[in-house]
Peer 1: 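Would you mind keeping the following structure in view while I ask a few things?
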There are 2 protein chains.
Amino acid sequence: MSKRQYHHGELRNTLLDAAEVLVRENGVVGWSLREASARVGVSPSAAYHHFTSRDALVNALSVRVLARLGERMSSAAAQAAGPGVDTQQGIIAAGCAYVRWALEDPAVARLAFGFGAQDSEAMIAPHPHDVIEAELDRLVATGALNATARPGAEFAIWAAMHGLATLLADGLMILDGPEAADLQTERLLRAVLTGLTQETAPSQGRPTAHSAHTERRTRRQGNSTPDEPSATAPTRLQ
Amino acid sequence: MSKRQYHHGELRNTLLDAAEVLVRENGVVGWSLREASARVGVSPSAAYHHFTSRDALVNALSVRVLARLGERMSSAAAQAAGPGVDTQQGIIAAGCAYVRWALEDPAVARLAFGFGAQDSEAMIAPHPHDVIEAELDRLVATGALNATARPGAEFAIWAAMHGLATLLADGLMILDGPEAADLQTERLLRAVLTGLTQETAPSQGRPTAHSAHTERRTRRQGNSTPDEPSATAPTRLQ
DNA sequence: GCTTGATCTTAACAGTGTTCAGATTAAGTG
DNA sequence: CACTTAATCTGAACACTGTTAAGATCAAGC
């Protein structure tokens, strides 16, 4: 409703703010670029000088939101890891932050997860996947996790917390109260960690999985002339 | 392109078929009711005699698709469970079916997961959640899973496979080949199962979680006069 | 004060979901 | 068979959407 028509250099962020509120109010698809522009006091076409399309706005929002999640996770992990406390508390705290976020802001979480792989330019740091990797490395360093079980363990842990988060955000799973989320997360992550520690066979398949986020980073840093783009493109396997 | 204008009693299914193809071609939101109607050779408003809205069509499609997934899971579990084979093979086969489905048909999987909780009338049988519960009960019966770890274990297992499935369907995680999905699924589920078996504390929180699908079924069968609808409605906690 | 580049507006286009009054069809009744 | 009837589909219209193009407006630097 603000009638100021000229947001110099700030229209981009202001539009992202409005879009985030709209997502929270009406869901991922229950709003229009026109409505977001109107709320900011600007004509619809003004938005096209900052975003090439509505999808670009949504992608930018998902990047902003995923970065916030990564910071919440890493700070939660840092805060939980004290001297003398259970070594697993770090990654459990990160997982609880992940799941609570999906529970408290489900519409935004659905947007972030659904569009999180589509912006091939933006760099999210720290990405949730990075936080998990760092905590797992810490577990290996302290001896709490078997080094032979380390390769690929990130995906087991990530899948576990991501499954809880999306089941809750999508309303497929319902909890009795907010503290139930922490209990479920801790139980699941502890189970995965002890299960990984006691693996007998050294996981025959080696690194068979990649994170789309890590793929993008290595592609940018390493060989700038991609010889085999087919391996990195997130296309349908089958 | 079929010019037949009168699909007696079959327009509903024909529209669902067309919508499913469109989802596969253009994604969850990259198509219109009008286009689906046109492909079937019918005017847009004809669809409104079978679905109250576009969302209703999408919901019906998600119900049909989720039921197919449940059957794939249960038949995979039944086929894997033979005499003398590892007891865990049943639930692992079900999990592999779940994850492979998301990998092979990601757009349809995203639709099913995203809209799977919104249709409060339809009954999905067997629901994936049911298949998991049945397999876990079998594990307890054969002694492969500790009975004290059984309550709530369904959600740990469900979250694990659902996390893999959604990470793959959304393109956040990328696999090197189709067989990698089975390896990852088996590794993760085995870890969760052995982790659950070796739990020391009897999971303090008792049944703190529900499946939205189970909620609906018990609400329909049990007390037809719901005294406390707030506990069953999948609303946002906190 | 005037130029300049960034920023925003107005107007328009094609396409969308949805509704409603009326036409068309298939099937059953006498 | 003719005729009713209920199911089924059409056509036109409404408000709204994403997007684009040409032009107006602003903030700042020479």
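The structure displayed is predicted, hence computed values, not measured ones.
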Peer 1: For nucleotides 15-22 of chain D, read 5' to 3', which letter fits each nucleotide if B means a protein heavy atom sits under 4.0 Å from the base, S means only the sugar-phosphate is that close, and - means neither?
Peer 2: --BBBBB-
Peer 1: Compute the bend angle of the helix from C/dG1-D/dC30 to C/dG30-D/dC1 from the end axes (five pairs per end), rounded to 10°.
Peer 2: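 Comparing the axis at each end, I get an angle of 20°.
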Peer 1: Does some side-chain heavy atom of B/Arg12 sit less than 4.5 Å from a side-chain heavy atom of B/Thr14?
Peer 2: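 A side-chain contact under 4.5 Å is absent here.
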Peer 1: Grab the CG-P distance between B/Asn26 and C/dT16 for me, whole Å please.
Peer 2: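 It is 11 Å, rounded to the nearest whole Å.
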Peer 1: Between C/dC8 and A/His50, is there an OP1 or OP2 to side-chain N/O distance shorter than 4.0 Å?
Peer 2: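 Indeed, a polar side-chain atom of A/His50 lies that close.
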Peer 1: Is any side-chain heavy atom of B/Ile132 less than 4.5 Å from a side-chain heavy atom of B/Phe155?
Peer 2: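 No - every pair of side-chain heavy atoms lies 4.5 Å or more apart.
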Peer 1: Please answer whether the main-chain N or O of A/Gly114 pairs with a side-chain N or O of B/Arg110 as donor and acceptor at a distance below 3.5 Å.
Peer 2: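 The answer is yes, because a donor-acceptor pair under 3.5 Å joins these two groups.
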Peer 1: Quick one: pull up CZ in B/Arg187 and OG1 in A/Thr208 and give me the separation to the nearest 0.5 Å.
Peer 2: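 Interatomic distance, B/Arg187 CZ to A/Thr208 OG1, rounded to 0.5 Å: 8.5 Å.
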Peer 1: Using salt bridge (Lys or Arg N to Asp or Glu O under 4.0 Å) as the criterion, list what pairs up with A/Glu35, not counting sequence neighbours.
Peer 2: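 Counting only residues at least two positions away or on another chain, A/Glu35 forms a salt bridge (Lys or Arg N to Asp or Glu O under 4.0 Å) with A/Arg39.
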Peer 1: Hey, can you tell me if B/His213 and B/His127 have their rings parallel, tilted or perpendicular (30° and 60° cut-offs)?
Peer 2: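 Rings of B/His213 and B/His127: parallel, as their planes differ by under 30°.
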Peer 1: Compute the centroid of each ring, for A/Phe113 and then for A/Trp101, and state whether the two points are separated by less than 6.0 Å.
Peer 2: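 Yes: the rings meet the under 6.0 Å criterion.
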Peer 1: Take B/Asp17 and B/Arg64 through the test salt bridge (charged side-chain N to carboxylate O under 4.0 Å, His left out) and record every step on the way to the result.
Peer 2: CA-CA 10 Å; B/Asp17 292 341; B/Arg64 208 177 70 160; 2.9 Å; yes
